[in-house]
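What follows is a single structure, written as structure tokens, with notes after it.
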Amino acid sequence: MLAAQRRAHLLDLLARQGKIVAKDVAADLGISEDSVRRDLRDLASEGLCQRVYGGALPVSPAVADYAARQSVAPEGKRRIALAAAALVRPGSALILDGGTTALAVARALPPELDCTVITHSPTVATALLDHPKAEVFLLGGRLFKHSAVACGAAAAEAAQNVSADLFLLGVTGVHPDAGLTTGDAEEAAMKRALAARAADTYVLASSEKIGAASRFRVLPWEGVTGLLTDADPHHPVLRSLAARGSRSWRPDGGPCGARRMARRPMGSRRATTCPG
């Protein structure tokens, strides 16, 4: 099989199965694992897959620049934002991540909601300028332009001086094996620092991020309280998470499940899908 044919086969396999296991492909095609790994390196260099130990996963579309991401799955992000906003209780303190889904959450907060919003995103802070009751704390640091958020040592130090009831976390990839991932190491570290300052952390992930992966892990599954997603509850990734038992998340129907999730004991784990 020619190299071009192998590449086409790998991309087809990735689209159909959602992952590539190098040793299995090598056995099926009768070639060496080194050949498969070389092909995967080439595909990864073109942004067509994300290499992981033993193979590859779909690359997240959320690695595009900030302006481009605003046009990706806007309706899904709107539904997730409404569910996330319902988790914010009056008088509570919220840490709101950066990114386009978090920006949708900022715009979805009800005008009558009295709350404190802590963010390292200038765009999120700006979106709340006209909110009549939200008090906004903006954490500073080096601006990571790709996501329009503050990162680095100064931002991480500022995060140590705040605390909140809830952290709404944005990621670029959600996968049972790769975990919760993003494309920049400093941004991943900042997200971990913020999660450590909140009683509960919920992940915001529109459907195109489910099953995808980026280079840097943000948190292990046990480090978050729940997942808000508009993905089909029968998606293989969500089913895989549900199959993990008490430490995994169970897909839940209902009106995004936001209010029921808010009343669950701290430390419980649940995945929630947002119906259209």
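Quick caveat, the model's predicted, so the values are computed rather than measured. Residue indices begin at 1 and follow the sequence shown.
- Residues R89 and D165 are not in side-chain contact: their nearest non-hydrogen atoms beyond the backbone lie 4.5 Å or more apart.
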Notebook entry, point to check: Stepwise, does the side-chain hydrogen bond (donor to acceptor under 3.5 Å, both in side chains) test hold for T126 with T123?
Noted result: CA-CA 5 Å; T126 300; T123 54; over 6 Å; no

Next item on the list: Give the C-alpha distance, both sets of side-chain angles, the deciding distance and a yes or no for side-chain contact (heavy atoms from CB on, under 4.5 Å) between L13 and V25.
Entry: CA-CA 9 Å; L13 192 64; V25 173; 3.5 Å; yes

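- A distance of 9.5 Å separates CG of L94 from CG of L87, quoted to the nearest 0.5 Å.
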Check: Run the side-chain contact (heavy atoms from CB on, under 4.5 Å) check on D177 and V52 step by step: do they pass?
Finding: CA-CA 10 Å; D177 300 320; V52 295; over 6 Å; no

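- Proximity of a side-chain donor or acceptor of S163 to a complementary backbone N or O of A198 within less than 3.5 Å is not detected.
- Between L103 and A127, the closest heavy-atom pair is CD1-CB, 3.6 Å.
- To the nearest 0.5 angstrom, H120 atom NE2 is 10.0 Å from L138 atom CG.
- The shortest distance between side-chain heavy atoms of D114 and E135 does not fall below 4.5 Å.
- Contact detail for A81 and A108: the closest heavy-atom pair is O-CB, 3.9 Å.
- When the shell of 6.0 Å around CG of D130 is examined, it contains 12 or fewer heavy atoms from other residues, nucleotides or ligands.
- With respect to D42 and R38, no salt bridge is recorded, no charged nitrogen being found less than 4.0 Å from a carboxylate O.
- The two residues R239 and H234 have their closest heavy-atom pair at CD-O, 3.1 Å.
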Next item on the list: Under the side-chain hydrogen bond (donor to acceptor under 3.5 Å, both in side chains) rule, what do E187 and S147 come out as? Steps first, then yes or no, please.
Entry: CA-CA 9 Å; E187 186 178 21; S147 299; 3.0 Å; yes

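- Within 6.0 Å of CZ in R215 there are 12 or fewer heavy atoms belonging to other residues, nucleotides or ligands.
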Next item on the list: For the pair H175 and L57, evaluate side-chain contact (heavy atoms from CB on, under 4.5 Å) and give the outcome as yes or no after the intermediate values.
Entry: CA-CA 9 Å; H175 193 276; L57 296 172; 3.2 Å; yes

Notebook entry, point to check: Can you list the steps and then say if S121 with T119 is a side-chain hydrogen bond (donor to acceptor under 3.5 Å, both in side chains)?
Noted result: CA-CA 5 Å; S121 169; T119 184; 4.6 Å; no

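- Counting heavy atoms of neighbouring residues, nucleotides and ligands inside a 6.0 Å radius, atom CZ of F216 exceeds 12 of them.
- The nearest pair of heavy atoms linking L29 to H9 is CD1-CD2, 3.9 Å.
- Rounding to the nearest 0.5 angstrom, the gap separating the OG1 atom in T101 from the CG atom in D230 is 9.0 Å.
- Of the possible donor and acceptor atoms, one in the side chain of R197 sits under 3.5 Å from a partner among the backbone N and O of V162.
- In this structure, R7 does not pair ionically with D39, as no charged nitrogen and carboxylate oxygen lie closer than 4.0 Å.
- Between the side chain of T116 and the main chain of A93, no donor-acceptor pair closer than 3.5 Å is present.
- Of the residues V136, L96, I118, the one that meets the side-chain contact (heavy atoms from CB on, under 4.5 Å) test with V124 is L96.
- Under a 3.5 Å cut-off, the side chain of S92 and the backbone N or O of V88 do not form any donor-acceptor pair.
- Put simply, the side chain of D184 reaches to within 4.5 Å of the side chain of F144, judged on heavy atoms.
- No side-chain heavy atom of V149 sits less than 4.5 Å from a side-chain heavy atom of L143.
- Atom CG of residue L43 and atom CZ of residue R6 lie 10.5 Å apart, to the nearest 0.5 angstrom.
- Minimum interatomic distance between A205 and I210 (heavy atoms only, all atoms of both residues): CB-CD1, 4.1 Å.
- One distance of note links NZ of K209 with NZ of K77; it measures 5.5 Å at 0.5 Å rounding.
- Taking 4.5 Å as the limit, some side-chain heavy atom of L219 sits within range of a side-chain heavy atom of L169.
- What you find for G98 and A102 is that their closest heavy atoms are O-CB, 3.5 Å.
- Salt-bridge annotation for K191 and D97: present, with a side-chain N of the basic residue lying under 4.0 Å from a carboxylate O of the acidic one.
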Note to self: What verdict does the side-chain contact (heavy atoms from CB on, under 4.5 Å) test give for K23 and V36, after you've listed the backbone C-alpha separation in whole Å, the side-chain angles of each residue and the deciding distance to 0.1 Å?
What the structure shows: CA-CA 8 Å; K23 67 177 182 179; V36 177; over 6 Å; no

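- Proximity of L40 to I20: side-chain heavy atoms (C-beta onward) are separated by under 4.5 Å at one or more points.
- One finds the CG atom of L48 at 11.0 Å from the CG atom of L10 (value rounded to the nearest 0.5 Å).
- Put simply, the side chain of L238 reaches to within 4.5 Å of the side chain of L227, judged on heavy atoms.
- Panel note: side chain W221, backbone P176; a donor-acceptor pair is recorded below 3.5 Å.
- Between L204 and V105, some side-chain heavy-atom pair lies under the 4.5 Å cut-off.
- For the pair R41 (side chain) and R51 (backbone), a donor-acceptor distance under 3.5 Å is absent.
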Notebook entry, point to check: Going through the distances and angles, do T225 and T201 end up as a side-chain hydrogen bond (donor to acceptor under 3.5 Å, both in side chains)?
Noted result: CA-CA 5 Å; T225 309; T201 295; 5.7 Å; no

